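Encoded as structure tokens, the structure appears first; notes follow it.
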Amino acid sequence: MQTNYKINWDKFDWSSIELFMIVTEIYFKKLETTKDMKVKGNDIVDWFNIMYVSQDDKYLTFDNKWRNYILYDDRIKHYLIT
């Protein structure tokens with residue numbers, strides 16, 4: 001099993017994790033601007049789970065927070081299974 005991975009960031013296809021990048025932007029902007037909003041224990045699991053969604057995939061979540069982040073952004077709402 002190989003464990004010494006190297007990523008060539010100059011050639012990395014950032015569009016392949018578009019959903020993750022935009023949700024990250026929305027989440028941290030919300031975290032910075034919403035009074036008393038705190039990171040919850042399961043947030044990291046839900047957030048990193050989104051990284052596995054590629055451009056050809058759809059994403060299903062029943063968590064209203066993550067659903068709303070995706071559903072109300074025109075750039076990424078097509079990823080959500082409604």
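Note that this is a predicted model, so its numbers are computed, not measured.
Following chains of ILVMFWY side-chain contacts shorter than 4.5 Å, one cannot reach Tyr52 starting from Leu19, and the two form parts of different hydrophobic clusters.
Qualifying side-chain hydrogen bond (donor to acceptor under 3.5 Å, both in side chains) partners for Gln55, counting only residues two or more places apart in sequence or in other chains: none. When the side-chain hydrogen bond (donor to acceptor under 3.5 Å, both in side chains) test is applied to Asp46, the partners found at least two apart in sequence or on another chain are Asn42, Trp66. Evaluation of the salt bridge (Lys or Arg N to Asp or Glu O under 4.0 Å) rule for Glu25 yields Lys29, Arg75 as partners, not counting sequence neighbours.
Contact check for Ile22 versus Ile70: no side-chain heavy atoms found under the 4.5 Å cut-off. For the pair Ile76/Tyr69, no side-chain contact is recorded, criterion being any heavy-atom separation below 4.5 Å from C-beta on.
Crowding of Tyr72 atom OH: a count of heavy atoms from other residues, nucleotides or ligands under 6.0 Å not exceeding 12.
Counting only residues at least two apart or on different chains, the side chain to side chain donor-acceptor pair (under 3.5 Å) pairs with a member in residues 3-14 are Asp13-Ser15.
Between the OG1 atom in Thr61 and the CG atom in Asp63 there is a gap of 5.0 Å [rounded to 0.5 Å]. Atom OH of Tyr79 sits about 8.5 Å away from atom CG of Asp56, to the nearest 0.5 Å.
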Review item, side-chain donor-acceptor pairs of residues 34-41, under 3.5 Å, at least two apart:
| unit_1 | atom_1 | unit_2 | atom_2 | d |
| --- | --- | --- | --- | --- |
| Thr34 | OG1 | Lys30 | O | 2.8 |

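Relative ring orientation between Trp47 and Phe28 is described as perpendicular, the plane-to-plane angle rising above 60° on a 0-90° scale split at 30° and 60°.
Counting all heavy atoms, side chain and backbone alike, Lys65 lies closest to Asp43 at NZ-OD1, 2.6 Å.
The backbone N or O of His78 lies less than 3.5 Å from a partner atom in the side chain of Lys58, making a donor-acceptor pair.
Membership of the apolar cluster around Leu60 extends to Phe62, Ile81, as traced through chained side-chain contacts below 4.5 Å between ILVMFWY residues.
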